[in-house]
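Worksheet for the structure shown next.
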Amino acid sequence: MSYVLKGEFSGREVAIKVLKVSGGKAEEYFNELFKEASNLVTLSQNPNIVQVYAVDVNKHVIEEILRGNTKLYLTNPPMIVMEFMKGGSLYSLLKDDAFFYSSSWEKAIYKAIASVAEALAHIHRNGYVHMDVKPQNVFMDRKPSQPADLLSVEFKLGDLGSAVRINAKPVQLTPEYAPPEVLIEKAKPYMDV
């Protein structure tokens, strides 16, 4: 639903999530990005969650883009600027046998689980449910070059685009990682576990 680009601001590398805009209603795009941004800004003030630095979403700009103003999309797209996690996601390591079968793997996974658990505790205390906990949304501050480096990697939970208030109706999920209850119940913290 977005392009994720690498950028730089004030000498710091950042990730820029640019909303894909093609057809539809400006209000829907605006509401989607605004919801994600407000969730992120509120919740990202935690060392275990990918931090948000800036949000630029303007309903009138989205309307102009949908009317065909591609120059505006290139110069002022709706976006969220956040912490750049150089190591990518935990998912990439799951596919690399050198890491997966290393003696450091178990301790690194416990570290990742602890970080995600602390992030979820923060999210739940603030009245939200993440709704999309999966290896693709657990990010690393750096890419380990060898299995022994795994123990120095910091893990953070990201992508709060599916987050909803506790007792709200889930709006997005990844079926492979979602409990079956999401299809019949409102969002509850246990669904993240």
Side-chain angles (χ1 to χ4, degrees), residues 1-2 4 6 13-15 17 35-53 80 82-193:
M1 301 194 57
S2 301
V4 180
K6 181 179 169 184
E13 290 179 312
V14 294
K17 188 173 186 176
K35 177 182 117 10
E36 179 178 0
S38 63
N39 290 349
L40 284 166
V41 170
T42 302
L43 300 172
S44 78
Q45 304 307 311
N46 180 285
N48 296 298
I49 298 175
V50 176
Q51 189 173 7
V52 172
Y53 299 129
I80 300 172
M82 61 190 93
E83 181 178 9
F84 180 67
M85 300 300 289
K86 293 179 184 179
S89 75
L90 181 59
Y91 184 73
S92 63
L93 288 185
L94 288 170
K95 299 185 290 180
D96 189 333
D97 287 349
F99 291 98
F100 189 78
Y101 292 107
S102 75
S103 60
S104 301
W105 183 254
E106 188 174 332
K107 284 183 182 179
I109 292 305
Y110 286 144
K111 186 176 179 180
I113 290 169
S115 179
V116 170
E118 288 179 25
L120 289 174
H122 174 74
I123 290 168
H124 298 159
R125 272 192 309 272
N126 282 278
Y128 286 90
V129 182
H130 186 282
M131 298 305 301
D132 201 20
V133 179
K134 59 187 178 184
Q136 294 90 326
N137 288 336
V138 177
F139 297 94
M140 301 177 294
D141 67 336
R142 65 186 158 284
K143 185 142 186 104
S145 57
Q146 58 186 352
D149 295 343
L150 275 172
L151 301 178
S152 64
V153 169
E154 295 299 322
F155 298 94
K156 292 189 178 193
L157 183 61
D159 198 357
L160 296 171
S162 300
V164 294
R165 286 272 184 199
I166 292 173
N167 293 320
K169 182 179 178 186
V171 291
Q172 274 183 333
L173 57 97
T174 304
E176 298 85 358
Y177 294 97
E181 294 86 358
V182 300
L183 301 174
I184 56 174
E185 293 181 21
K186 293 186 177 179
K188 303 279 190 241
Y190 81 85
M191 293 177 177
D192 283 341
V193 180

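These numbers were taken from a predicted model, which means no experiment stands behind them.
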Interatomic distance, CZ@Phe84 vs CZ@Phe139, rounded to 0.5 Å, equals 11.0 Å

For Ala98, the side-chain contact (heavy atoms from CB on, under 4.5 Å) test, sequence neighbours excluded, returns Asp96

query: For Met85 and Asp141, what are the C-alpha separation, side-chain angles and deciding distance, and is it a side chain to side chain contact (heavy atoms under 4.5 Å, CB included)?
result: CA-CA 5 Å; Met85 300 300 289; Asp141 67 336; 4.2 Å; yes

Ser145 meets the side chain to side chain donor-acceptor pair (under 3.5 Å) criterion, sequence neighbours left out, with Asp149

With sequence neighbours left out, the residues meeting side-chain contact (heavy atoms from CB on, under 4.5 Å) with Ile109 are Leu90, Trp105, Ile113

Under 3.5 Å donor-acceptor, Asn126 side chain and His122 backbone
yes

Handout entry: Pair Glu154 + Arg142, salt bridge at N-O below 4.0 Å
Key = no

All heavy atoms of Ser92 vs all of Gly87, minimum pair found to be OG-O, 4.4 Å

Any heavy-atom pair between the side chains of Leu150 and Phe99 that's under 4.5 Å?
yes

Hits for side-chain contact (heavy atoms from CB on, under 4.5 Å) against Lys169, two or more places apart or cross-chain, chain-then-number order -> none

Sorted by chain and residue number, the side chain to side chain donor-acceptor pair (under 3.5 Å) partners of Thr174 (sequence neighbours excluded) come out as Asp132, Lys134

Separation between OG (Ser89) and NZ (Lys143), nearest 0.5 Å, reads 8.0 Å

Review item, side-chain donor-acceptor pairs of residues 175-193, under 3.5 Å, at least two apart:
| residue | atom | partner | partner atom | Å |
| --- | --- | --- | --- | --- |
| Glu185 | OE1 | Tyr190 | OH | 2.7 |
| Lys188 | NZ | Asn167 | OD1 | 2.3 |
| Asp192 | OD1 | His130 | N | 3.4 |
| Asp192 | OD1 | Met131 | N | 2.8 |
| Asp192 | OD2 | His124 | NE2 | 2.7 |
| Asp192 | OD2 | His130 | N | 2.8 |

Review point. Does Glu83 reach the side chain of Ser44, with side-chain heavy atoms less than 4.5 Å apart?
Key: no

Residue set satisfying side chain to side chain donor-acceptor pair (under 3.5 Å) with Tyr110, at least two apart, ordered chain then number -> Glu106

Working for side chain to side chain contact (heavy atoms under 4.5 Å, CB included), residues Gln51 and Met82: CA-CA 6 Å; Gln51 189 173 7; Met82 61 190 93; over 6 Å; no

Side chain to side chain donor-acceptor pair (under 3.5 Å) filter on Gln136, not counting sequence neighbours, yields none

CD of Gln172 to CG of Asp159, rounded to nearest 0.5 Å, is 8.0 Å

Across all chains, not counting sequence neighbours, the side-chain contact (heavy atoms from CB on, under 4.5 Å) partners of Glu118 are Asn48

| request: Report yes or no: does Lys111 contribute a side-chain atom to a donor-acceptor pair with the main-chain N or O of Leu151 at less than 3.5 Å? | output: yes

Give the intermediate values and the outcome of side chain to side chain contact (heavy atoms under 4.5 Å, CB included) for residues Phe100 and Leu93.
CA-CA 7 Å; Phe100 189 78; Leu93 288 185; over 6 Å; no

Side-chain touch Ile49/Ile123, heavy atoms, less than 4.5 angstrom:
yes

